[in-house]
Amino acid sequence: MKNIVVIPAVKPKDKSLSKFGGWQWMEYSIEAWTYWCKKYDYELVIYDTPYIEDTSTYRVTVQRWFDIFRFLEERGIEYDQILMTDAAHIPHWNCADIFQLSDNKFTVTHEYDNFKWIYESIEGYKHMFDNYDFDLYKYFNAGLVIFNKSHKQLIEKFQHVYTSNIKEFVDLQKTVRRGTDQTPLNYIVQMSGEDVNFLPMEYRVSHLPRKELLTHNWQLNEDKVPFFIKYGSIWGFQGFDKAQRNSLMEQTWNLIKKNYE
């Protein structure tokens, strides 16, 4: 069986998300991952239909975990490992085969971009998990995760906890304002004692404007390739005003798309 890459690319019909400045950015990600999958002989799957229509209460970021195994089973898609990645991620055209780095474990990247955000999110959800003493340095980003059928029970546990306390979680999303699925999933994984594998930092290059990764070494002015393209293997277009995402990803794609042909 082949490994598969799953990209949640859902455009909710029950609310306006014009804050993203359009939806074309998803297509740039899909084109790049299509190239990557062909390069390593994997299959690309687009998750575009959540089972619950109310995506205000059950956000797409949350539903993707509820749906993933059933979604693949109903479509008769066989697989070994699953890499589920946000549609705001673009892999470098020479990005390594990261399935080979997973060791068949629950594989993620560290979330080190904004420790204030992480701390406030952990504290904001803490009471939902019996005030568990969470290790902040093991906090992971939920936007790119490799997992397999052995992790089905873990993900089902996340679904059970979330749906059993849906009103509280939705309220916290409005008051804590620090994510949707990511921190609750982190709590479930860490409290379960799951053996988590962390990828190197080059597979989580994001918050590009704040880190000045969109620029180059102007002092030498010999190589004008932006730092994030030069040193990153997977680029995450998060951590800035979402209204700029479409424009920034379009500019990036126009600069690099010849490498994916």
Side-chain angles (χ1 to χ4, degrees), residues 6-21 23 25-26 46-71 84-89 106 108 111 113-136 138-145 147 151-192 194 206 236-243 245:
V6 176
I7 301 180
V10 179
K11 302 174 184 177
K13 298 178 180 179
D14 59 346
K15 57 184 174 180
S16 172
L17 289 180
S18 57
K19 65 180 180 180
F20 289 110
W23 295 98
W25 51 275
M26 290 185 176
I46 305 301
Y47 165 72
D48 56 3
T49 309
Y51 287 89
I52 302 174
E53 292 185 4
D54 180 4
T55 57
S56 293
T57 302
Y58 293 89
R59 302 285 288 275
V60 173
T61 48
V62 174
Q63 281 203 62
R64 58 181 172 169
W65 299 107
F66 298 177
D67 296 347
I68 182 61
F69 291 107
R70 178 170 55 167
F71 185 87
M84 187 152 63
T85 175
D86 284 352
H89 286 152
F106 192 85
V108 294
E111 178 68 277
D113 287 322
N114 188 335
F115 277 110
K116 180 177 183 293
W117 189 100
I118 297 169
Y119 175 78
E120 291 177 350
S121 188
I122 291 172
E123 290 300 305
Y125 286 95
K126 195 180 189 76
H127 66 283
M128 298 294 296
F129 298 94
D130 297 324
N131 293 314
Y132 177 78
D133 188 16
F134 191 95
D135 185 347
L136 180 148
K138 294 180 181 179
Y139 189 94
F140 61 83
N141 179 271
L144 189 146
V145 181
F147 55 101
H151 302 114
K152 186 175 182 179
Q153 186 174 359
L154 179 69
I155 293 172
E156 287 177 342
K157 183 176 182 179
F158 166 69
Q159 179 178 359
H160 173 73
V161 170
Y162 196 95
T163 54
S164 297
N165 301 277
I166 183 63
K167 184 180 184 302
E168 291 88 345
F169 280 119
V170 171
D171 288 344
L172 286 171
Q173 289 167 20
K174 298 174 182 177
T175 56
V176 177
R177 299 181 64 83
R178 293 292 181 265
T180 54
D181 65 316
Q182 185 164 281
T183 298
L185 181 62
N186 263 272
Y187 266 108
I188 293 298
V189 171
Q190 193 169 128
M191 292 174 69
S192 298
E194 183 67 33
S206 63
F237 292 84
Q238 307 105 348
F240 53 86
D241 184 353
K242 292 182 176 66
R245 180 180 288 170

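Counting begins at 1 with the first residue of the sequence. Because the structure is predicted, anything quoted here is derived from the model rather than measured.
Nearest approach of His89 to Gly236, heavy atoms of both residues: CD2-CA, 3.3 Å. When every heavy atom of Pro184 is checked against every heavy atom of Phe169, the shortest pair comes out as CG-CE2, 3.8 Å. Shortest non-hydrogen contact noted between Val10 and Thr49 is CG2-N, 4.2 Å. Residue Lys157 comes nearest to Ser192 through the heavy atom pair NZ-OG, 3.6 Å, listed as atom of the first residue, atom of the second, then distance. In plain terms, the two heavy atoms of Thr183 and Arg178 that are nearest each other are OG1-O, 4.2 Å. Closest approach of Gly179 to Gln173, counting heavy atoms only: O-CG, 3.7 Å.
Atom CD1 of Ile122 is separated from atom CG of Asp133 by 10.0 Å, given to the nearest 0.5 angstrom. Leu144 CG to Ser206 OG: the interatomic distance, rounded to the nearest 0.5 Å, is 11.0 Å. Rounded to the nearest 0.5 Å, atoms CD (Gln238) and CG (Asp113) are 8.5 Å apart. One distance of note links CD of Glu168 with CE of Met128; it measures 5.0 Å at 0.5 Å rounding. In this structure, CD1 on Ile68 lies 14.0 Å from NE2 on His151, to the nearest 0.5 angstrom. Leu172 contributes atom CG, which lies 10.0 Å from atom NZ of Lys167 (distance to the nearest 0.5 angstrom).
Within the 4.5 Å cutoff, side-chain heavy atoms of Leu185 are placed close to those of Trp65. In this structure, Pro50 and Asp67 have side chains that are in contact, with non-hydrogen atoms separated by less than 4.5 Å. By the 4.5 Å heavy-atom criterion applied to side chains, His160 and Asn165 are not counted as neighbours. For the pair Phe71 and Val6, the minimum side-chain heavy-atom distance is 4.5 Å or more. Within the 4.5 Å cutoff, no side-chain heavy atoms of Ser121 are placed close to those of Gln182. When side chains are defined from C-beta on, Val189 counts as touching Phe140, because their heavy atoms get closer than 4.5 Å. Between Phe129 and Ile188 there is a side-chain heavy-atom pair separated by less than 4.5 Å. Within the 4.5 Å cutoff, no side-chain heavy atoms of Tyr125 are placed close to those of Glu120.
In this structure a side-chain-to-backbone donor-acceptor pair under 3.5 Å is missing from Glu111 to Ile118. A donor-acceptor pair is defined here as one N or O able to donate and one able to accept, closer than 3.5 Å; no such pair exists between the side chain of Asp86 and the backbone of Ala88. Under a 3.5 Å cut-off, the side chain of Lys126 and the backbone N or O of Tyr132 do form a donor-acceptor pair. With hydrogens and angles disregarded, a donor-acceptor distance shorter than 3.5 Å links the side chain of Arg245 to the backbone of Phe237.
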Which is it for Phe147 and Lys152 under the side-chain contact (heavy atoms from CB on, under 4.5 Å) test, yes or no, and what are the steps along the way? CA-CA 9 Å; Phe147 55 101; Lys152 186 175 182 179; over 6 Å; no
Apply side-chain contact (heavy atoms from CB on, under 4.5 Å) to Val62 and Tyr162, showing your working. CA-CA 9 Å; Val62 174; Tyr162 196 95; 3.6 Å; yes
So Phe106 and Leu154, side-chain contact (heavy atoms from CB on, under 4.5 Å) or not? Walk me through it. CA-CA 10 Å; Phe106 192 85; Leu154 179 69; 4.2 Å; yes
Dump the intermediate steps for salt bridge (Lys or Arg N to Asp or Glu O under 4.0 Å) on Asp48 and Lys11, then the final yes or no. CA-CA 8 Å; Asp48 56 3; Lys11 302 174 184 177; over 6 Å; no
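Using cut-offs of 30° and 60° on the angle between ring planes, the pair Phe66 and Phe158 is tilted.
Checking Thr163 against Tyr58 by side-chain atom types alone, no donor-acceptor pair falls below 3.5 Å.
For Arg59 and Asp54, the salt-bridge test fails: no basic side-chain N is under 4.0 Å from an acidic carboxylate O.
Taking the centre of each ring, Phe134 and Tyr187 come in below the 6.0 Å mark.
Both tests hold for Arg70 against Tyr51: distance to the six-membered ring centre under 6.0 Å, angle to the ring axis within 45°.
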